[in-house]
2 protein chains.
Amino acid sequence: MPRGNGQGPMWWHGRFRGCGYRITVGREAILDVLTRADKHLSAEDIYIKVHTAYPAIGLTTIYRTLEILVNLGLVFKFDFGDGRARYELAEGSKRSAHHHHLICTDCKRVIDYTDFIDDEIELLKQTEKGLSEKYNFMITNHLIQFYGLCDKCRKKKGGD
Amino acid sequence: MPRGNGQGPMWWHGRFRGCGYRITVGREAILDVLTRADKHLSAEDIYIKVHTAYPAIGLTTIYRTLEILVNLGLVFKFDFGDGRARYELAEGSKRSAHHHHLICTDCKRVIDYTDFIDDEIELLKQTEKGLSEKYNFMITNHLIQFYGLCDKCRKKKGGD
DNA sequence: TCCTTAATGGCAATGGTTTCCATTACCAAG
DNA sequence: CTTGGTAATGGAAACCATTGCCATTAAGGA
Ligand SMILES: [Mn+2]
Ligand SMILES: [Mn+2]
Ligand SMILES: [Zn+2]
Ligand SMILES: [Zn+2]
């Protein structure tokens with residue numbers, strides 16, 4: 001099993017240990033799958049991938065590990081409206097950079113976009129500051145998604 | 001049962017009929033509950049409220065009607081992370097104005113905010129335009145939520 | 001190497017949402 | 001107003017992602 005660079009402890013080991021969590025093969029396998037994922041995976045997607053290399057690891061462990069990862073802020077959990085949660089490595093790892101989502105309400109396709117992010121982040125920063133003060137709320141994260149019809153579904157539906 | 005103003009067809013009747021849907025007591029009751037709601041209701045919340053006036057209406061009808069309303073764009077469906085969908089009348093009706101959400105990841109409390117909305121909308125318009133062109137996507141809606149710790153949960157947790 | 005205890009896996013249980021189908025009731029036509 | 005075609009309904013069963021339970025395993029500090 002390739003482990004990122006094949007040697008030393010992974011980038012997340014420290015964080016894990018620091019919170020009292022143990023490093024296990026299952027957890028390494030799950031992080032590995034998430035790290036090399038190029039799309040948004042469901043718990044079962046991850047289970048299947050992990051299963052090919054480690055058939056002993058159960059779906060329950062996938063859920064448990066994902067919950068920890070989400071709480072640690074290492075992974076984001078999304079609801080794209082298809083009835084199952086989707087997971088994606090948080091920025092900070094090489095693979096994923098901060099981005100937002102474009103979701104087709106018809107075929108459920110999800111597009112990551114990083115364009116315009118700079119302007120958005122700029123405004124978000126201000127908004128977060130204002131909201132924090134007014135509502136005495138400590139903002140730690142945000143979710144921005146645009147919904148509509150994708151390229152293909154647009155054609156399938158009406159003209160225009 | 002008060003019906004908004006007590007006479008003529010409701011504001012949504014036209015839209016409903018236009019799409020080939022029939023007007024039924026159940027649907028009127030559900031819209032009525034949504035119209036006078038002051039918070040985000042789950043399907044069951046709506047069922048309970050409707051049930052006091054119309055005990056004959058079942059939970060299944062609530063779900064079916066909500067699906068139609070969401071598809072028509074009259075109602076927004078949200079996932080605030082507590083395991084059940086929440087519904088809210090879309091703007092356009094008197095009650096609800098366009099707003100975004102502030103969600104406490106600890107107690108799941110949701111705050112509607114309309115502050116800073118103007119600046120946000122301004123940027124969103126530009127972003128939507130850019131995204132539409134680049135990805136050939138027809139954007140019809142957006143979702144913006146900030147996550148963090150609310151006033152109370154902040155105190156309960158660590159100091160600071 | 002040993003021991004404490006976090007972690008695990010399989011399976012049952014949970015619970016929100018959907019499906020099914022026989023019955024009801026809109027509402028357009030006459 | 002009455003009628004008929006069919007959309008809408010309700011009750012209960014089915015669905016299915018996620019969680020709980022508990023006996024067993026294995027991290028990893030001593
Ligand atoms: Mn993404
Ligand atoms: Mn709201
Ligand atoms: Zn699509
Ligand atoms: Zn809170």
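Just so it is clear: chains get the letters A, B, ... in the order the sequence lines come, proteins before strands, and each one is counted from 1.
Residues Glu28(B) and His13(B) bring a donor and an acceptor atom of their side chains to less than 3.5 Å of each other. Side-chain atoms of Glu88(A) and His99(A) include a donor-acceptor pair closer than 3.5 Å.
The phosphate of dT18(C) has neither OP1 nor OP2 within less than 4.0 Å of any side-chain N or O from Tyr63(B).
At whole-Å resolution of the value, CG in Asp82(A) and P in dC16(D) are 13 Å apart. The interatomic distance linking Tyr47(A) (OH) with dG10(C) (P) rounds to 7 Å, in whole Å. If you take CD1 of Ile57(B) and P of dT24(C), they are 16 Å apart, rounded to a whole angstrom. When rounded to the nearest whole Å, the span between CZ of Arg27(B) and C1' of dT24(C) equals 14 Å. In this structure, Arg84(B) places its CZ atom 7 Å from P of dT17(C), rounding to the nearest Å. Computed from coordinates, the Ile30(A) CD1 to dA7(C) P distance equals 12 Å when rounded to whole Å. For the pair Lys77(B) NZ and dG16(C) C1', the computed distance is 10 Å after rounding to whole Å. Protein atom NE2 of His51(A) is 14 Å distant from nucleotide atom C1' of dT8(C), rounded to whole Å.
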Side-chain atoms of residues 129-139 of chain B: list all donor-acceptor pairs with protein atoms under 3.5 Å, sequence neighbours left out, distances to 0.1 Å.
unit_1, atom_1, unit_2, atom_2, d
Lys129(B), NZ, Glu133(B), OE2, 3.0
Ser132(B), OG, Glu128(B), O, 2.7
Ser132(B), OG, Phe137(B), O, 3.4
Lys134(B), NZ, Asp115(A), OD1, 2.6
Tyr135(B), OH, Asp115(A), OD2, 2.8
Asn136(B), OD1, Arg154(A), NH1, 3.0
Asn136(B), ND2, Asp151(A), OD1, 3.0

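Heavy-atom nearest nucleotides on DNA chain C were determined for Tyr87(B) and for Ala56(A), and the one closer to the 5' end corresponds to Ala56(A). Across the interface with DNA chain D, nearest-nucleotide mapping of Pro55(B) and Gly20(B) shows Gly20(B) to be the residue nearer the 5′ end.
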Note to self: Walk me through whether Ile144(A) and Leu143(B) qualify under side-chain contact (heavy atoms from CB on, under 4.5 Å).
What the structure shows: CA-CA 6 Å; Ile144(A) 295 190; Leu143(B) 172 71; over 6 Å; no
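Note: Phe146(A) and His100(A) fail the aromatic proximity criterion, with ring centroids not under 6.0 Å apart. Between His40(B) and Phe80(B), the ring centre distance stays below 6.0 Å. Between His101(B) and His142(A), the distance from one ring center to the other does not fall under 6.0 angstrom.
Salt-bridge formation is not detected for the pair Asp45(A)/Lys39(A): no Lys NZ or Arg NE/NH1/NH2 atom is positioned less than 4.0 Å from an Asp or Glu carboxylate oxygen.
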Check: In the 5'-to-3' direction, what one-character label does each nucleotide of nucleotides 21-30 of chain D receive under the scheme B = base within less than 4.0 Å of a protein heavy atom, S = sugar-phosphate only, - = no such atom?
Finding: B-----BS--
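With a 4.5 Å cut-off on side-chain heavy atoms, Glu120(A) and Leu124(B) do not count as touching.
Helix-axis bend for the helix from dT1(C)-dA30(D) to dG30(C)-dC1(D): the local axis fitted to the five terminal pairs at one end deviates from that at the other end by 40°, rounded to 10°.
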